[in-house]
Amino acid sequence: MDLSTAQVILASSGDGGDLFFVAALAFAAPFVVGWYAHRQMYKRYRNQDKRYRYEHTTDATMEDLQRWDTFTHERRRLRNRTIEGENANSPEVRAPYVDLKEMTGELDSGSAEENGGAQ
Amino acid sequence: MTEQLPNSDSAPAVGDAWTGRVTKLDTTTGAEHGRDSCPKCGSTEISHKAGTMSLVCAFCRHEWTGQRLEDTHGLGEGISSLSGRTVTSGASAMDSDKNLITMKCQGCGAEVTVDTAHATQSRCHWCRSILSINDKLPNGAIPDGILPFSLSKTEAMERITKFVSDRKMLANPKFKADFSAEQVRQVYLPYMVVDGNLHTRIHGVGEVQTRRYTVQHGKTSTTYYDANEYQVVRQFDLHADDLIVESSASKADFATQVSTNNIINAILPFDVKNMVAFDSNYMGEIQSEKRDMDINDVANTAYTRFLTLARERIRPDFANYDRGVRITHEEMWVRGSRWATVYLPVWLYSYPERDDDGRLTVHYVAVNGRSGSTMGSVPISKSRLWGATLGFAAGTALIAWPIAFATLLA
């Protein structure tokens, strides 16, 4: 149950609604706790989410940073605390559009084969 | 702004047939396969001195250390000037699947065979000399470098035992009964170490909150936010040093529903800056897994990891957008890359488990043979897991449900 649904319930039923809402939460609590405990225990034993955190451990130097920040418009009466689709804090999650190119480098006068052959 | 950005059409996409510049970095030794003797007394009884980077002769106790590839071949230098692919001898494309290599023993003339899929040394059955593979092979069995074990078996057993002991309560009973840390084995696994000269451009939309206000609707209220929206572009060069990528297909599959390869992946990184030129004497009788992936097979993985690395590096730069940034486009140009291969030391405890559907999962508990970092997958008993889940749920119900009834009756 999200916050807005809860607000609708409260709005529609007044004081009685408050009590009903608390009772509903208390009834649901064991199921939520059970689900969460199951998930956490399985995770602790199987560690399926663990991986090499290369983005934190690989040495990398950043140079020639250029920034463009262009104001587009003002948005009003937004309901969410954060921008919709926020993904800048999840660097391992790819953006909708990804373009990954490998530059060929400056080829010498000979062919790639003379440089050691195409890999 | 657009004129300053690289043209996307000027570079081929990763995965296309690679026809660009390849610069070879020679890491061959020129040595013949066969006897690899102590430089002081000529004995072939050479082994790795535990806990060090040294080799030691069993006869005269002479000690020496292999040369660091960073020093001899400048790996780690000049990343900003990399162009095309720079490929060491050990990372060259495999053009042979022949694993059995026959060597002539220089001691007695006998022919001795080594199965390079798992080992790089063999003892001559006639004169007892140890014969080694002393230079690169076209089948990918010999890497450029090796990082010797610095963690002893006792230390590895302690770490594995602790890891499993902390998870015994819900573990599969058969696993608990069978578990013996003594069964841990040493293995050298093949990896590629990649440097990248990269150019990245990130596009997105960012929002800065300008106002927060609450509106009353009868007895309830709603909080609203106003925000300024910006088009955000960041463009930068990135010079990445020593990204590690799996180069064994069986260990590069991270479909975690059927394999626990992510466990071995999770004990990375290793201090690859310290890798020394490959010498079979570091391996001795320790088993290895042969590289079976070429650069073309792992390039996409490596470059995608570079992209993630770039995203992580630029992340703090979005701090002013207090409502966050939605990245819409990621672009990366790999201007140049440098590839080397290495054997990395892993202590591995494995346990095969067949589930009710007959599906086999091999669980690993792995220990980084250098840092001691430990990770594992412990088979879990479904009945115990559900029992514990029920216990948590019932405990909560004991507290929550009386409250619920009391509230309804009030």
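Just so it is clear: chains get the letters A, B, ... in the order the sequence lines come, proteins before strands, and each one is counted from 1. Model, not experiment: these values are computed from the prediction.
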So, the side chain of [X] versus the backbone of [Y]: is there a donor-acceptor pair under 3.5 Å, distance only?
{"X": "R326(B)", "Y": "A88(A)", "result": "no"}
{"X": "Y45(A)", "Y": "L170(B)", "result": "yes"}
{"X": "R313(B)", "Y": "E55(A)", "result": "yes"}

Report task. Would you mind checking which part of T57(A) comes under 4.5 Å of any heavy atom in chain B, side chain (CB onward), backbone (N, CA, C, O), both or neither? Result -> side chain

Requested in this report: Tell me, for V93(A) versus chain B, whether the close heavy atoms (under 4.5 Å) come from the side chain, the backbone, both or neither.
Outcome: backbone

Query - Contact check, side chains of Q66(A) and F236(B), non-hydrogen atoms, under 4.5 Å - result: no

Requested in this report: Find out whether Y225(B) and R77(A) are in side-chain contact, i.e. whether some heavy atom of one side chain is under 4.5 Å from a heavy atom of the other.
Outcome: no

Requested in this report: Could you tell me whether E330(B) and R94(A) have a side-chain N and a carboxylate O separated by less than 4.0 Å?
Outcome: yes

Query raised in the report: Is it true that R67(A) and D317(B) make a salt bridge, defined as a side-chain N closer than 4.0 Å to a carboxylate O?
Result: yes

Query raised in the report: Under 3.5 Å, is there a donor-acceptor pair between the R323(B) and T82(A) side chains?
Result: no

Query raised in the report: Parallel under 30°, tilted from 30 to 60°, perpendicular over 60°: which one fits the rings of F71(A) and Y230(B)?
Result: perpendicular

Query raised in the report: Would the F405(B) and F27(A) ring centres measure less than 6.0 Å apart?
Result: yes

